[in-house]
Student: 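Here it is, the structure, as structure tokens.
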2 protein chains.
Amino acid sequence: MSVAHTEITSQANGPCGDDDCGIRDVLDRIGDKWTVLVMVELGKGVRRFRELHRAIPGISQRMLTLTTRRLCRDGLVERTAYPTIPPQVEYRLTPIGRSLAKMVEELADWSRTHKDAIADAREQWDVGHPGDG
Amino acid sequence: MSVAHTEITSQANGPCGDDDCGIRDVLDRIGDKWTVLVMVELGKGVRRFRELHRAIPGISQRMLTLTTRRLCRDGLVERTAYPTIPPQVEYRLTPIGRSLAKMVEELADWSRTHKDAIADAREQWDVGHPGDG
DNA sequence: CTGCATCCTTACCGATACTG
DNA sequence: CAGTATCGGTAAGGATGCAG
């Protein structure tokens with residue numbers, strides 16, 4: 001994402017006082033455009049590359065490749081490639097990946113619960129602030 | 001952030017089956033560079049603009065202004081301006097803002113717990129994939 | 001089918017100067 | 001003190017074509 005520290009240890013200041021609790025890295029992962037969608041889909045079970053691609057409308061092949069690779073790099077997703085022709089690759093959540101997926105689900109629940117309230121707040125704001133984003 | 005749908009209702013597909021659960025909007029907010037830091041600081045109590053600025057090293061005035069304004073727009077933060085000279089403005093979390101701050105804290109807890117595991121996974125990955133980000 | 005390489009547009013964000 | 005206005009670097013991500 002836009003922050004991209006790359007190294008998990010390179011944070012000047014975290015939100016937890018003055019020590020780095022690592023949340024920046026997690027947000028750099030799940031905060032990007034496609035990661036949550038991939039994780040939720042993989043939360044339903046093992047998926048092949050093409051299945052993910054069809055299950056997530058709008059994602060490009062390039063972004064699906066990058067997203068799955070980053071998830072693999074962080075140990076959240078496991079990749080299994082069978083040397084067949086044509087190639088066949090399976091993706092599945094690791095235990096730690098499933099635990100993060102659970103957090104994401106809770107966030108999704110929160111979103112569902114407060115979605116309308118936020119929409120209302122924005123409408124209220126926007127009428128009082130024309131020409132604002 | 002990079003996604004920026006602006007409208008809370010303009011999502012083709014959410015992670016929850018085929019309906020939009022609004023998580024995209026939440027991630028667009030807390031996924032950006034500074035929002036979590038501001039929320040956690042406000043979680044400690046009422047803060048003035050300058051106090052936030054000093055409490056969050058590295059943030060520019062511009063970004064602090066944008067971040068607080070977006071939080072206000074979503075109804076997560078309340079802004080109180082006193083017409084004194086010099087001006088004085090207070091920011092505090094709304095009830096819904098506090099509830100989101102709680103979710104963020106849980107995510108921070110998760111990060112602390114799994115930080116080392118992720119760092120290890122990255123190291124493992126990087127040794128096997130030189131020249132990769 | 002699964003990926004990689006390249007070009008290109010968008011917009012996030014930092015730096016700086018200015019206002020009431 | 002609490003913003004606003006403007007400029008510019010940079011990285012994310014979309015489109016397209018090629019490869020094993």
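Values in this document were obtained by computation on a predicted structure and should not be read as measured data.
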Student: Measure the distance from CG on B/Leu64 to P on C/dG14 and round it to the nearest whole Å.
Tutor: 11 Å
Student: Listed by chain and number, what are the side chain to side chain contact (heavy atoms under 4.5 Å, CB included) partners of B/Thr80, not counting sequence neighbours?
Tutor: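 Per chain and number, B/Thr80 pairs via side chain to side chain contact (heavy atoms under 4.5 Å, CB included) with B/Glu78, B/Tyr82, B/Glu90, B/Arg92.
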Student: Using the test salt bridge (Lys or Arg N to Asp or Glu O under 4.0 Å), find all partners of A/Asp109 that sit at least two apart in sequence or belong to another chain.
Tutor: A/Arg112
Student: Please report, rounded to the nearest Å, how far the P atom of C/dT2 is from the CZ atom of A/Arg54.
Tutor: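 Those two atoms, CZ and P, are 9 Å apart.
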Student: Based on the rotation axes of five pairs at each end, what angle does the helix from C/dC1-D/dG20 to C/dG20-D/dC1 bend through, to 10°?
Tutor: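 Roughly 40° between the end axes, to the nearest 10°.
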Student: Distance-only check: which donor-acceptor pairs under 3.5 Å involve side-chain atoms of residues 48-61 of chain B, not counting sequence neighbours?
Tutor:
unit_1, atom_1, unit_2, atom_2, d
B/Glu51, OE1, B/Arg48, N, 2.7
B/His53, NE2, B/Ile59, O, 3.0
B/Ser60, OG, B/Met63, N, 3.2

Student: Atom CE of A/Met63 to atom C1' of C/dT10: distance rounded to whole Å?
Tutor: 14 Å
Student: Please identify each residue that fulfils side chain to side chain donor-acceptor pair (under 3.5 Å) with B/Trp34, with sequence neighbours left out.
Tutor: none
Student: What is the distance from atom CD of B/Glu105 to atom OG of B/Ser111, rounded to the nearest 0.5 Å?
Tutor: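 If we round to the nearest 0.5 Å, B/Glu105:CD and B/Ser111:OG are 10.0 Å apart.
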Student: Return the value, rounded to whole Å, for the distance between atom CD1 of B/Ile59 and atom C1' of C/dA15.
Tutor: 14 Å
Student: Can you tell me how far CG of B/Leu27 sits from CZ of B/Arg24, rounded to the nearest 0.5 angstrom?
Tutor: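 B/Arg24 atom CZ to B/Leu27 atom CG measures 5.0 Å (nearest 0.5 Å).
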Student: To the nearest Å, give me how far apart CG (A/Leu66) and P (D/dA11) are.
Tutor: 15 Å
Student: Who are the side chain to side chain contact (heavy atoms under 4.5 Å, CB included) partners of B/Thr35, not counting sequence neighbours?
Tutor: B/Arg29, B/Asp32, B/Met39, B/Thr67, B/Leu71
Student: Enumerate the protein-to-nucleotides 2-7 of chain D contacts in which both atoms are nitrogen or oxygen and the separation is below 3.5 Å.
Tutor:
unit_1, atom_1, unit_2, atom_2, d
D/dA2, OP1, B/Arg48, NE, 3.1
D/dA2, OP1, B/Arg48, NH2, 3.3
D/dA2, OP1, B/Val89, N, 3.3
D/dA2, OP2, B/Arg50, N, 2.7
D/dG3, OP1, B/Arg79, NE, 3.3
D/dG3, OP1, B/Arg79, NH2, 2.4
D/dG3, OP2, B/Tyr91, OH, 2.3
D/dG3, N7, B/Gln61, OE1, 2.9
D/dG3, O6, B/Gln61, OE1, 3.1
D/dT4, OP1, B/Arg69, NH2, 3.4
D/dT4, OP2, B/Arg69, NH2, 2.2

Student: List in chain and number order the residues that pass side chain to side chain contact (heavy atoms under 4.5 Å, CB included) with B/Arg79, two or more places apart in sequence or in another chain; answer none if no residue qualifies.
Tutor: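 With sequence neighbours excluded, B/Arg79 shows a side chain to side chain contact (heavy atoms under 4.5 Å, CB included) to B/Cys72, B/Ala81, B/Val89, B/Tyr91, given in chain and number order.
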Student: Using residues 93-104 of chain A as the side-chain source, report each donor-acceptor pair under 3.5 Å to any protein atom, sequence neighbours left out, with the distance given to one decimal.
Tutor:
unit_1, atom_1, unit_2, atom_2, d
A/Thr94, OG1, A/Gly75, O, 2.7
A/Thr94, OG1, A/Leu76, O, 3.2
A/Thr94, OG1, A/Gly97, N, 3.1
A/Arg98, NH1, A/Leu93, O, 3.2
A/Ser99, OG, A/Ile96, O, 3.2
A/Ser99, OG, B/Trp110, NE1, 2.6

Student: Roughly, in whole Å, what's the span from CZ in B/Arg24 to P in D/dG13?
Tutor: 9 Å
Student: Rounded to the nearest Å, what distance is computed from the CG atom of residue B/Asp32 to the C1' atom of nucleotide D/dA12?
Tutor: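 It is 15 Å, rounded to the nearest whole Å.
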Student: Rounding to a whole Å, what distance do you find between A/Ile30:CD1 and D/dA12:P?
Tutor: 17 Å
